[in-house]
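Letters A, B, ... mirror the listed sequences (proteins, then strands); counts begin at 1.
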Amino acid sequence: MVELYELTKTYPNGVTALDQISLKIDQGEFVFLMGHSGAGKSTLIRMLIREEWPTSGQIFVASRSLVRMKKKEIPYLRRSVGMIFQDFKLLESRTVEENIAFAMMVVGASSRDIKKRVKAVIHEVGLDGKEHSFPNELSGGEQQRVGIARAIINHPVLLIADEPTGNLDQRTSEEIMELIYDINRAGTTVIMATHAQELVKTARRRVVILDKGKVVADMPPGAYMR
Amino acid sequence: MKTTFRRQSAYYYSEAFKSIRRNGFLSLATVTTVTVSLFILGVAILLVLNISSYLQGLADDVEISAFVDQTYTDEQALALRDQLLRLNGVEEVDFVSREEAMDSMQTRYSSSGYDLEETLESNPLPNSYRIKASDPQNVQALAQQIAGMEGFYRVNYGQDIVEKLFAITKGVRWGGGCIVGMTILGAVFLIGINIRLSIFARRKEIYLMKLIGARDGFITRPFYIEGIFLAVMGAIIAAIILMGGYEFLLREWTNTSYAMLFPLISDHNLLFRCYGILLAAGLLLGWLGTAISVRRFMDV
Ligand SMILES: Nc1ncnc2c1ncn2[C@@H]1O[C@H](COP(=O)(O)OP(=O)(O)OP(=O)(O)O)[C@@H](O)[C@H]1O
Ligand SMILES: [Mg+2]
């Protein structure tokens, strides 16, 4: 699903955020990305949707080379990758329903399909009854559920989450994780950057640890027990 | 919630009009600027059209008088006719013999009641040609060409009036062009600022749309609708004012004694084409202003 070959990213300011990273993630896998602040987790995630492009090396997502990808093809890559953010990134002036529907309208779906699918996804993430609420009327956990609904509405093959529980308490984090595990169980590959060690320990999934832009550990499920 | 599950086109328009309302006074200023600049453009076009049509009307009146060298015999003078006819842009050539010239002078001064030729003892007038140009714009060039020919010692034409009118048209073209250019630049600039503000107000949304996988066309369309709408509104207002003003002028003018001397264009096909140009110009301005801003500020 995701393949990196000697991927290096040096920002224009001279910081090398990723240093010769090689990594392979199979379809249906669940991978935690860990490492200290500044290790390069977010940079790696941004590379996967072509928000940043490599200084050298190769990236393939769903068999497509992002290095060779033309600017015009980027939207289509992003449609097959769902993104969840630490700060949710919801549109404040739109309701829950509108925020979720927006992602489908953007890709040109018909209003009938949107209506059907939005209803189903709202149920899936457990937001029934909140359709017409605005983001500032929701708890953090509920807002992240809206974020997740928006990320999965177009049936992505890959779900990328950058510290999705970073702004949530323990209990809410666990609820959100359950939701993400469900999505993974249904077949979607998941890559999640996080600092939440307890959460990763109990998860028993593959863990990749970055430090100063290098992969320093790649542990199979159950190995992360520190 | 009908609005939640909108089609894309509904989304484009609602976003565009939301922006127009949000920009409030600036939107109004933009429309006004476009109106002013296109109104001036319209006035300049109508002015040039009218002067050109007037000049065309002068074609019948402006003729060139070319005087044949006194050393030429009548036969030699008559032979020049073929050479004149061979020149480009010549519509008609009339030979005026010395006698005819004298006669006409005689008639003109007949009120004084004496024989001019007798008084002068001989006929001092030369043989001459009266030449009509097919295009009044060509009169000057044609006159110079004839003056350069063998056998003519002097060429007269309505120098004053022709040159003055050309100077006026040239002035209108240049002055009008400068003013129109400056106001149009201002209009494009204001449209650009409008769109820039709209982009800024929606930058979070634009960033999100990009991450979700919206194509650039989807993201920019509301801005194009906004820019083109503002500009075309301005153009429509300019066209209406111009049309009303010109129709009024036309009505008033025909009642005055100047109407005979300087008739205004009243060919409505031509006039409507002129108003159509304003609308097309509005469309172009809106598109241009938006395109510039979108190129510069959309790379979030
Ligand atoms: N846009 C940018 N321009 C320049 N340098 C950047 C940029 N983004 C990140 N960096 C630098 O790249 C390095 C890696 O940053 P990155 O955000 O990928 O780390 P991270 O692992 O996500 O950290 P955190 O856990 O704090 O989110 C850091 O040194 C950071 O300062
Ligand atoms: Mg980060």
| query | Is it the case that more than 12 heavy atoms not belonging to B:F189 sit under 6.0 Å from its CZ atom? | reply | no
| task | Can you sort out the partners of A:D182 under salt bridge (Lys or Arg N to Asp or Glu O under 4.0 Å), two or more places apart, ordered by chain and number? | result | A:R185
| message | If you count heavy atoms of other groups shown closer than 6.0 angstrom to CZ of A:F134, is the number above 12? | response | yes
| message | Minimum heavy-atom separation for A:V106 and B:G213, please, with both atom names. | response | CG1-C, 4.2 Å
| message | Once rounded to the nearest 0.5 Å, what's the spacing between atom OG of A:S93 and atom CZ of B:R202? | response | 9.5 Å
| said: Is it true that, when you exclude B:M209 itself, more than 12 heavy atoms of the residues, nucleotides or ligands shown sit nearer than 6.0 Å to its CE? | reply: yes
| Crowding at CG, B:N88 (>12 non-hydrogen neighbours, <6.0 Å) | no
| field | N-O pairing of A:R94 and B:E205 below 4.0 Å | value | yes
| message | Would you say that B:K204 contacts A:L90 through its side chain, given a criterion of any heavy-atom pair below 4.5 Å between the two side chains? | response | no
| Is A:R150 close to B:I212 at the side-chain level, that is, under 4.5 Å between some pair of heavy atoms? | yes
| Closest-packed option against chain B by number of heavy-atom pairs under 4.5 Å, given A:M104, A:K89, A:M83, A:E131 | A:K89
| task | With sequence neighbours left out, write down each residue that passes side-chain contact (heavy atoms from CB on, under 4.5 Å) with A:E51, or none if nothing qualifies. | result | A:R46, A:I49, A:R78, B:Y207, B:L211
| request: Would you mind reporting whether A:V107 and B:F218 have side-chain heavy atoms less than 4.5 Å apart? | output: no
